[in-house]
Participant: 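Got a structure here, written out as C-alpha cells. Questions coming.
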Amino acid sequence: MSKNQGKVAFVTGAGQGIGEAIALRLASDGFAVACADMNIDTASQVAEKIKRDGGKALAIKVDVADREDVFRAVQETVDALGDLHVVINNAGIAPIAPIETITPEIYKKTFDINVGGVLWGIQAAVKAFKALGHGGKIISASSQAGHVGNPDLAVYGGTKFAVRGITQTAARELAHLGVTVNAYCPGIVNTPMMRKVAQDVADNANQSFEWGMEQFAQNITLKRLSQPEDVAACVSFLSGPDSDYMTGQAVIVDGGMVFN
Ligand SMILES: NC(=O)C1=CN([C@@H]2O[C@H](COP(=O)(O)OP(=O)(O)OC[C@H]3O[C@@H](n4cnc5c(N)ncnc54)[C@H](O)[C@@H]3O)[C@@H](O)[C@H]2O)C=CC1
Ligand SMILES: CC(=O)C(C)=O
C-alpha cells in the first residue's frame, strides 16, 4: 500500500504547468487531490484525468488573492474528501516589469496573488489541521528568482523572496502544532508562465521567443530546461513522510542556475 494512502492534498494553480504536474504526481503517490484554480475548466480537466487513472480528485474554483475564498476552498476540500494533510500554495503570476515601468496595479496584483495566496493558504491550512486534530505539511512556490535578482522581474522576485521569509517564520511558529512548512524554488520550467515571460522579455528587446528563452536558459548547468515533472518530484518528497524531519526549508530545483 502507498505510504500516502488515505491522505488528502489541496493544490492551488493545479489547472496547468507546475501545479498540474504536482496534482498528477500526488495522485499517483496515493493522495486524494483537490485541484484548485481560478480557471475551473482546466482544474476540472486535471481532476478528471486523475479520476480516469483510478485516483480520487475534485476541482475547486478559487482566487488565492481572496482570503475568504481560500478558506472556503480548503473547507470544501475537507467536506468532500474527508480530511486534509498537505496544502500546496502553488498559484502565482509573473509580470515582466522593468523597474521604471512598475505601477501600483502591477505591484498590488502580484503581491496579492503570490504573497497573499501563500499567507491565506497557510492560515486556512492551520485552521483545518486544528479542526481535524492533527498536524500537516504546508508547501509553497518560491523560485530561483527568490534567491537571485532577475532583470525585469523585480516585483515578482520580491514576492518570491517574501515567500522564503514567510516559510521560515511559519515553520518556527507552527512546529508545536505538528505542522511543517517548506518551499520549492524552481529554476526555468517549461510552462505557459515561463513561455510568456520569455516572449515578453523578447518583445521588450525586439528579439525572438527563442532569444528570450535563451536569456534564462543559457546558464543552466544541466543544459536543459526543467520540466514541470522535475518540480513535482521534489514536491512529492516534501509532501510525503520521507521529509518529516524538514521544516523552514526553501529547496532549489533548478539544474544549477542559481549558483552559476
Ligand atoms: N515556470 C517557471 O519557470 C517557474 C515558476 N515558478 C512558480 O511556480 C508556480 C507555478 O508556475 P507555472 O506553473 O509556471 O505557472 P502557470 O502560469 O503556467 O500556471 C499557474 C496557474 O495558476 C493559476 N492562477 C493564477 N492566478 C491565480 C489566482 N489568483 N488564484 C488561483 N489560481 C490562479 C492559473 O490559472 C494557472 O492555472 C508559480 O508560483 C510560479 O511563480 C517558480 C519558478 C520558475
Ligand atoms: C518565472 C520564474 O519564476 C523565473 C523566471 O524564475
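Order of appearance sets the numbers: ligands from 1, and atoms from 1 within every ligand.
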Participant: Considering both backbone and side-chain atoms of Met193, is one of its nitrogen or oxygen atoms within less than 3.5 Å of a nitrogen or oxygen in ligand 1?
Facilitator: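 Yes - when backbone and side-chain N and O of Met193 are compared with those of ligand 1, one distance drops under 3.5 Å.
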Participant: Any chance the side chains of Lys137 and Ser243 put a donor and an acceptor closer than 3.5 Å?
Facilitator: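 The criterion, which ignores hydrogens and geometry beyond distance, is satisfied for Ser243 and Lys137.
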Participant: Please determine if Ile93 has a nitrogen or oxygen closer than 3.5 Å to a nitrogen or oxygen of ligand 1.
Facilitator: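 For ligand 1, there is no N or O atom that lies under 3.5 Å from one belonging to Ile93.
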Participant: Quick one: which of Ile18, Asp63, Asn39, Val118 has a heavy atom closest to atom 29 (N) of ligand 1?
Facilitator: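 The residue whose heavy atom sits nearest atom 29 (N) of ligand 1 is Asp63.
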Participant: Yes or no: does Lys160 have any heavy atom under 4.0 Å from an atom of ligand 1?
Facilitator: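 True for this residue.
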Participant: For Asn150 and Gln144, which I'm curious about, is there any donor-acceptor pair between the side chains at under 3.5 Å?
Facilitator: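 Yes - a donor-acceptor pair under 3.5 Å links their side chains.
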Participant: Could you tell me which atoms of ligand 1, counted from 1 in the order shown, lie closer than 4.0 angstrom to a heavy atom of Ile188?
Facilitator: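 Atoms satisfying the 4.0 Å criterion: 3 (O).
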Participant: Within the structure, does Tyr184 bring an N/O atom to less than 3.5 angstrom of an N/O atom in ligand 1?
Facilitator: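 N/O-N/O distance under 3.5 Å: no.
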Participant: Indicate yes or no: at least one non-hydrogen side-chain atom of Val46 is less than 4.5 angstrom from one of Thr42.
Facilitator: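 No; the side chains remain at least 4.5 Å from each other.
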Participant: With sequence neighbours left out, write down each residue that passes salt bridge (Lys or Arg N to Asp or Glu O under 4.0 Å) with Asp29, or none if nothing qualifies.
Facilitator: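 Expected list: Arg25.
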Participant: Which protein heavy atom lies closest to atom 32 (N) of ligand 1, and at what distance to 0.1 Å?
Facilitator: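 Scanning the protein heavy atoms, the shortest distance from atom 32 (N) of ligand 1 goes to Met38 N, 3.2 Å.
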Participant: Pro241 versus Asn4: any side-chain heavy-atom pair under 4.5 Å?
Facilitator: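 Sidechains of Asn4 and Pro241: in contact.
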Participant: With heavy-atom distances below 4.0 Å as the criterion, list the atoms of ligand 1 near Pro192.
Facilitator: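 Numbered from 1, ligand 1 contributes 18 (O).
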Participant: Does Ala145 reach ligand 1, in the sense of a heavy atom lying below 4.0 Å from it?
Facilitator: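 The answer is no: ligand 1 sits nowhere under 4.0 Å from a heavy atom of Ala145.
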Participant: Got a salt bridge between Lys109 and Asp112, using NZ or NE/NH1/NH2 to carboxylate O under 4.0 Å?
Facilitator: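 Salt bridge absent between Lys109 and Asp112.
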Participant: What closest approach, in Å, do Val148 and Phe161 show between heavy atoms, and which atom pair accounts for it?
Facilitator: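 Heavy atoms of Val148 and Phe161 come nearest at N-CZ, 3.9 Å.
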Participant: Relative to each other, are the rings of His134 and Phe129 parallel, tilted or perpendicular (30° and 60° limits)?
Facilitator: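 Ring orientation, 0 to 90° scale: tilted.
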Participant: Taking the non-hydrogen atoms of Gly187, is any one of them nearer than 4.0 angstrom to ligand 1?
Facilitator: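 Yes, Gly187 has a heavy atom closer than 4.0 Å to ligand 1.
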Participant: Should Val189 be counted as touching ligand 1, given the test is an N or O pair under 3.5 Å?
Facilitator: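 Between Val189 and ligand 1, an N or O pair is found under 3.5 Å apart.
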Participant: At less than 4.0 angstrom from any non-hydrogen atom of Gly17, what atoms of ligand 1 do you find?
Facilitator: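 Here the atoms of ligand 1 in question are 13 (O).
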Participant: Taking all non-hydrogen atoms of both residues, which atom of Ala59 and which atom of Ala47 are closest, and how far apart?
Facilitator: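 Heavy-atom minimum between the residues: N-CB, 3.9 Å.
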Participant: Any nitrogen or oxygen of Pro186, side chain or backbone, less than 3.5 Å from one on ligand 1?
Facilitator: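 The answer is no, given that Pro186 and ligand 1 share no N or O pair closer than 3.5 Å.
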Participant: What do you reckon, does Tyr156 put a non-hydrogen atom under 4.0 Å from ligand 1?
Facilitator: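 Yes; Tyr156 lies near enough to ligand 1 that a heavy-atom distance drops under 4.0 Å.
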Participant: Hey, is ligand 1 close enough to Thr191 that some N/O pair sits below 3.5 Å?
Facilitator: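 It does: an N or O of Thr191 is found under 3.5 Å from an N or O of ligand 1.
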Participant: Identify, by atom number and element, the atoms of ligand 1 in contact range of Gly13, meaning under 4.0 Å from any of its heavy atoms.
Facilitator: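 Answer, ordered by atom number: 21 (C), 22 (O), 23 (C).
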Participant: Do you know the tightest heavy-atom contact between Gly158 and Phe111?
Facilitator: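 What the structure gives for the nearest pair is C-CZ, 4.0 Å.
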Participant: Just which atoms of ligand 1 are under 4.0 Å from any heavy atom in Met194?
Facilitator: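 The list of qualifying atoms is 1 (N), 3 (O).
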Participant: Is it possible for you to say whether Met193 and Val155 belong to one hydrophobic cluster, with membership spreading through side-chain heavy-atom contacts below 4.5 Å?
Facilitator: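 Result: no, two separate clusters.
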Participant: Going by the order shown, which atoms of ligand 1 are within less than 4.0 Å of some heavy atom of Ser143?
Facilitator: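 It comes down to these atoms of ligand 1: 42 (C), 43 (C).
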Participant: For a quick test of reading the model, state the closest non-hydrogen atom pair linking Val87 to Gly121 and the distance between them.
Facilitator: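 That would be CG1-O, 4.0 Å.
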Participant: Give yes or no for whether the N/O distance cutoff of 3.5 Å, strictly under, is met between Ala65 and ligand 1.
Facilitator: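 It does not: no N or O of Ala65 is found under 3.5 Å from an N or O of ligand 1.
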Participant: For Glu68, is there an ion pair with Arg72 - N to carboxylate O distance below 4.0 angstrom?
Facilitator: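 Not counted as a salt bridge, because no side-chain N and carboxylate O are separated by less than 4.0 Å.
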Participant: Can you check which of Ala91, Gly146, Gly19, Ala36 brings a heavy atom nearest to atom 33 (C) of ligand 1?
Facilitator: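 That would be Ala91.
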Participant: Are there any protein N or O atoms under 3.5 Å from the N or O atoms of ligand 2? List them with distances, or say none.
Facilitator:
unit_1   : atom_1 : unit_2 : atom_2 : d
ligand 2 : 3 (O)  : Ser143 : OG     : 3.0
ligand 2 : 3 (O)  : Tyr156 : OH     : 2.5
ligand 2 : 6 (O)  : Ser143 : OG     : 3.2
ligand 2 : 6 (O)  : Gln144 : NE2    : 2.7

Participant: Knowing that exactly one of Asn182, Val181, Leu238 qualifies, which makes a side-chain contact (heavy atoms from CB on, under 4.5 Å) with Gln249?
Facilitator: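 By the side-chain contact (heavy atoms from CB on, under 4.5 Å) criterion, Gln249 pairs with just one of Asn182, Val181, Leu238: Asn182.
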Participant: Do Leu174 and Ile122 touch side chain to side chain, with heavy atoms closer than 4.5 Å?
Facilitator: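 Of all side-chain heavy-atom pairs linking Ile122 with Leu174, at least one is under 4.5 Å.
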Participant: Is there any N or O on Gln16 that sits under 3.5 Å from an N or O of ligand 1?
Facilitator: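 N/O-N/O distance under 3.5 Å: yes.
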Participant: Hey, which atoms in ligand 1 end up nearer than 4.0 Å to a heavy atom of Val62?
Facilitator: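 Near Val62, meaning under 4.0 Å from one of its heavy atoms, ligand 1 has 30 (N), 31 (C).
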Participant: To the nearest 0.1 Å, how far is atom 30 (N) of ligand 1 from its closest protein heavy atom, and which atom is that?
Facilitator: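 Minimum-distance protein heavy atom for atom 30 (N) of ligand 1 reads Val64 N, 3.0 Å.
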Participant: Starting from atom 20 (C) of ligand 1, locate the nearest protein heavy atom and write down its residue, its atom name and how far away it is, to 0.1 Å.
Facilitator: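 Checking every protein heavy atom, the shortest distance to atom 20 (C) of ligand 1 gives Gly92 O, 4.1 Å.
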Participant: Judged by modelled atom types alone, do Asp203 and Gln199 share a side-chain donor-acceptor pair under 3.5 Å?
Facilitator: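 Yes.
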Participant: Give the minimum heavy-atom separation between Gly13 and Ala91, together with the two atoms involved.
Facilitator: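 Of all heavy-atom pairs spanning Gly13 and Ala91, the closest is N-CB, 3.7 Å.
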Participant: Quick one: does Asp37 get an N or O within less than 3.5 Å of an N or O on ligand 1?
Facilitator: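 Yes; at least one N/O pair falls below 3.5 Å.
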Participant: Where is the tightest heavy-atom contact between Trp120 and Val64, given as atom of each residue plus distance?
Facilitator: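 Smallest interatomic distance, heavy atoms only, reads CD1-O, 3.4 Å.
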Participant: Answer with yes or no whether the hydrophobic clustering places Ile113 together with Leu119; edges join I, L, V, M, F, W, Y residues whose side-chain heavy atoms lie under 4.5 Å apart.
Facilitator: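 Yes, Ile113 and Leu119 fall within the same hydrophobic cluster.
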Participant: Give the single entry among Asp66, Asn90, Leu153 that approaches atom 10 (C) of ligand 1 most closely by any heavy atom.
Facilitator: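 Heavy atom nearest to atom 10 (C) of ligand 1 belongs to Asn90.
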